[in-house]
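See structure below.
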Amino acid sequence: MGGLALNERYIASEIEAKWQKVWAEQNAFGSEINRQKPEYYVLEMFPYPSGKLHMGHVRNYSIGDVFARFKKMQGYNVLHPMGWDAFGMPAENAAIKNGIHPAKWTAENIANMRRQQQEMGLSYDWEREVTTCSPDYYKWTEWLFLLFYDMGLAYKKKAAVNWCTECNTVLANEQVEDGRCWRCDSPVVKKELEQWFLKITQYADRLLADLGELKGWPERVKVMQENWIGRSVGAEFSFDAPEIGEKIAVYTTRHDTIFGVTYVVLAPEHPFVAKLTAGKPEETAVSAFVERVRNLSEINRTSTETEKEGIFTGAYAVHPITGEKVPIWVANYVLLEYGTGAVMGVPAHDQRDWEFAKKYNLPIRQVIAPQGGHETDFAKWTAAYDGPGVMVNSGKFDGLNGETGKEKVADWLEKHKVGKRRVTYRLRDWLISRQRYWGAPIPIIYCDKCGTVPVPKKELPVLLPENVRFDGGAVSPLAEVEEFINCTCPKCGGKARRETDTMDTFICSSWYYYRFTDAKNANEPFDTAKVNYWAPVDHYIGGIEHAILHLLYSRFFTKVLKDAGMLNVSEPFKNLVTQGMVIKDGAKMSKSKGNVVSPEEIIAKYGADTARLFILFAAPPERDLEWSDQGVEGASRFLARLWRIVGHYAPTVKAAEKGYDPGSLTKAERELRRALHATIRKVTDDVGVRFNFNTAISAIMELVNAMYLFREQVAQPNPGLIRETVSGLLKLLAPFAPHITEELWNETIAEGSVHQQTWPSFDAEAIQVEECEVVLQINGKVRDKIVVPVGLNAKELEAKAFEQERVKALTAGKQVVKVICVPQKLVNIVVKE
RNA sequence: GCCCGGGUGGCGGAAUGGCAGACGCGGCAGACUCAAAAUCUGCUAUCAGAGAUGGUGUGGGGGUUCGAGUCCCUUCCCGGGCACCA
C-alpha cells in the first residue's frame, strides 16, 4: 500500500467536506453556453423552503444529480441549477404564529436547506440560483402577468370561487381535492368574489393535443392531464321559453337522443330561474330550493352520493324539433359552470335523468334500441341505457345508428339555426388571485376615472411593503396598508388604489426553469437566445403530486411565451421522471406517524455517498421506496468494500504504465477485463436509456465482487489491466457516489477530477466470450447444461446435445418430434412417449 | 362507475418470449482470532430425498407457443387518478 489515507478505514465525513470545498472553489459545476457541445438541461423541481430537507428531497436530488453528472461525463454541456419556490402560506403562518417576518423566516430556511444540499454533494451551478420572493425575480413574475394581460389572457370577473376558510384565500380548481384545500385539507366553500383569472381554457386544445408529443412522460401523468382537461364533443342547441321570451341553451354529447327529451333542467344558479318563476305560485318554493342548494358545501354539492333533487318551475319550453312542450325544472345535479348550465332531460338514456324522472314521475321515452345483449323490452328496464344503438321513436331519424344519427341531428340543428356542434372542456380558467401577503403583487391599479389600469412596465416591481400586520384575519394584510393601496393613476395622474391581492405561487413556479437560463438578466425575464439554447428541460424530476398542478400550468405558460415570441419551444419538459414516495413501515414518512428519518442524521452518521447510494439502489426511481436502516448499512458496507479493494490495488495502479496488450492476458485476467467492459455496457444503458439506477448499482457491485475473486486467484496481475479496471470502476460509480470516487481517483489515477473524465466506453471485443453455457431442455424442462464454443451453429449445437449421456438416456425409446436450437442459449428437444 | 399503475423468496427488488429469484438485506456455515467485532469465502424459493435427482412455484382460472413472470382472454386483491362534466 502506498502509505496514504487508503491504509485507513473509510470515513466519509473526512473526505466529503474536503471535496465539496474543492468543487466549490473550482466552480466545478458552472455552466455557460457552448455551441461546440450538445446541451443537456437537468432539473429537479425546486423546493418550497420549509426549513430542512426530507428524504423525498434527498431522493429527488440524488436522481437528478446522477443524470447531471452522467451527461457531463458523456460530453454534454450540462445545466443543473437550483432555486427556491419561496412565496407561500407557511411563511405567512410562521409570521402570524411566531412574529417572524416572512422574508426573514424564508431567508433563514433557504440558507439551511442550501447548506444541506451542499452537504449532499450535489452538482449545482449555484451562480444561477433563483429565489421567487426576491424582487429581482418577482419583478418579472409581475411583468409576465402584464404580458398575459396585454395578450388578453388575464381578466377579472365575478364568480363563485373556491374559498379556503383556513387559509383565508381563494383557490384554483386544480388546488381543490375532494372539496378540500390541497395544502391544509380544510373544507372549501363557494364565495361570490371578483377575481383575476388566466385564460388557460383558450389553450385547452393545444394542451391536450401536445400531450401526444411527450414521449418521455409517464403515461399516467398524461392520462391525468387528459382527464383534467376533459374534452367532450357534442352539440349546443336551444329550447324556446316563450313565457320569458328567451332561449334556453343546453349542451349534450348525446344529441342522438334528442327525441327522448321529456323535460329541461337548469342549474340552481342559472339566471333564468328567477325570471321563469316570477309571479308564479312556484316562486317561493323554487327560490327556497335554490337558496338551500347554494348553501351546500362543495363536498356535499358535488358528491355522486347526494340524491338528485329538483323542483318544477311552473314554466315550459318548446322542443326545437318536435315543437313539443316540456316542463322546465331546476335541479341540484346541474352545474352552472359546465356547458350552458342547463341540460336536456333524457331519462331513458342517462342514468342521472332516469333517477330524477323516477323520483318526480316524469315521462320516460325510449329513443335508442340497444345493441349487444341488452334487454330490448323497454318495459323491463330498471335503469337507463346509455350504450350504443339505433335511433327509434325519432321521426325521420329512425333507423340511424347513433353515431351517424348524431351527425344528422347536428346537421339539422345547424341548418335550422337552432344549434351547432360544440366542443366543451372540463378545464376552467385559472384563478390566480390570492388574498395573502407573501406572494407577487398583481400589478394593477384601479382608478375611478380610468378603471382598471396596468402598472407601467418601467415602474415594476410593485414591491411588497415590509411593515404589515399579520393577525390571521380574513382580510389580506396588504389591504390594511394605506401607503401601499393609495397611489396615483398612471393614466390620468389622479388618486387611485392598488390591487391588494397577490398571485398564486404556482405562477412563480411556472417559469422559473426559463429564468435559470439567464438568471441575472436585469432587463427582461430571460434572453431569447439563451433560453432557446438550453430549453426545453431535457430531464425533469419531481413528485407525482404535480401531475396536474405545476406541470399543467408550466405547459400553459410555455405555450403563451412561445406565442409571445419569447422562446421557440412548445413544451417545457422533454423527459419527466415522477419519483415515488419514501415510505417507512408501510406509510409515507410524516411527523404524525413518527416514522420520519432525518437526512441530516443519516448524512452525519454514514456520509452523503451512502445516503445517495442507498436511496438509488433500494428501488427504481418511479416506485415507492421502503426505507431500511439495514439497507443503509449495506450501502455503507459496499463503499467500505470498494475502499479496501481500490486501496489494495492503489500501489499497482500508481506504478502501472497506461495501456497493455490484451493478447498477453491470462484467462483470469481476460475474465476480469470482460467483467469490466460488460459492466460499462450495462451501467451506460441503465443510466442513459432505461433510467434504472438500482440495476446499474447492482452491476457495479458485481464488478467489485469480481475484483475480490480475482484478487484471490491472481497474485501478480497485469498492472495495466488493474489500472484500467480501477479507473473504469471509479468513473462508473462517480455519478452515484461522487466523494469517495473522487478521493480514490485522487489516490490512484491522480489525473484531474474523476468528474471531469470522459464516460468510459466498452470494448466489444473484450465482452466476447470463447465459450458459453447452453441449456438442454426436454419438453421445455431443463435437463442438462453444456459448455460449448460460442461459434456453434444450430445444427452443430443439436448434434452436440444428442451426444450428451443424459439426453441419450432421457430420449431413449422415444420419438423426437421436434428440436429447437437457439445458438448460445438453448436446445429444446420435444419428444413423444 | 370510468381510466392508469402494481401483485415474484423471510424483506427491498432482478429477469430483449429462452436456466425465475441478479444485486442487496436478513439467516446459516467456514476461514481469520485466545475470544468477539470487523473482514474474507461459501450456502440460502419450496416439497420429497442421505444424495444424485425429481416434483411444485411469479394473486386465481383459461388460452397462444417447442417454451410464458413476460403475449392474449377472464377473474380477484392492493395503490393512484377522475367522477352528478350532461
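The sequence lines fix the lettering, A, B, ..., with proteins before strands; numbering per chain opens at 1. Values in this document were obtained by computation on a predicted structure and should not be read as measured data.
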Subject >> Torsion-based syn/anti label for B:G9, 90° from 0 as limit >> reply: syn
Original post:
B:C84 C1' sits how many Å from A:Y338 OH, rounded?
Top reply: 12 Å
Subject >> Nearest-angstrom distance from the residue atom CZ of A:R623 to P of B:G13 >> reply: 5 Å
Subject >> A:K222 atom NZ: more than 12 heavy-atom contacts under 6.0 Å >> reply: yes
**OP:** Take atom CG of A:D386 and atom P of B:A86, then tell me their distance rounded to the nearest Å.
**Re:** 12 Å
Original post:
Can you find a heavy atom in the side chain of A:T262 that is under 4.5 Å from one in the side chain of A:I364?
Top reply: no
Original post:
What does nucleotides 20-28 of chain B look like as a protein-contact string, B for base, S for sugar-phosphate only, - for none, at under 4.0 angstrom between heavy atoms?
Top reply: --BBSSS--
**OP:** Look at A:R783 and B:U53 and indicate whether a side-chain polar atom (N or O) is within less than 4.0 Å of OP1 or OP2.
**Re:** no
Subject >> Listed partners of A:E798 passing side chain to side chain contact (heavy atoms under 4.5 Å, CB included), at least two apart >> reply: A:F802, A:V819, A:C821
Subject >> Side-chain-base donor-acceptor pair under 3.5 Å for A:N828 and B:C66 >> reply: yes
**OP:** Give the nucleotide from the list B:C84, B:C19, B:C3 with an atom nearest to the side chain of A:E773.
**Re:** B:C19
Original post:
In chain order, what residues pass the side chain to side chain contact (heavy atoms under 4.5 Å, CB included) check against A:L810, with sequence neighbours excluded?
Top reply: A:I778, A:R783, A:R806
**OP:** Establish, yes or no, whether the cationic atom of A:R352 lies under 6.0 Å from the six-membered ring centre of A:Y333 and within 45° of the ring axis.
**Re:** no
Original post:
Distance check: side-chain N/O of A:R806 vs OP1/OP2 of B:G54, anything under 4.0 Å?
Top reply: yes
Subject >> A:R220 side-chain N/O to B:C82 phosphate OP1/OP2 under 4.0 Å >> reply: no
Original post:
Within less than 4.0 Å of OP1 or OP2 of B:U53, is there a side-chain N or O belonging to A:K781?
Top reply: no
Original post:
Does a nitrogen or oxygen in the side chain of A:R426 sit under 4.0 Å from OP1 or OP2 of B:A83?
Top reply: yes
Original post:
Is a donor-acceptor pair below 3.5 Å formed from side chain A:K818 to base B:U65, judging by atom type as modelled?
Top reply: no
Subject >> Heavy atoms from other residues, nucleotides or ligands near NZ of A:K808 exceed 12 (cutoff 6.0 Å) >> reply: yes
Original post:
To the nearest Å, how far apart are A:K814 NZ and B:C66 P?
Top reply: 20 Å
Original post:
Taking the six-membered ring of A:W228 as reference, does the NZ or CZ atom of A:R426 fall below 6.0 Å from its centre and within a 45° cone about the axis?
Top reply: yes
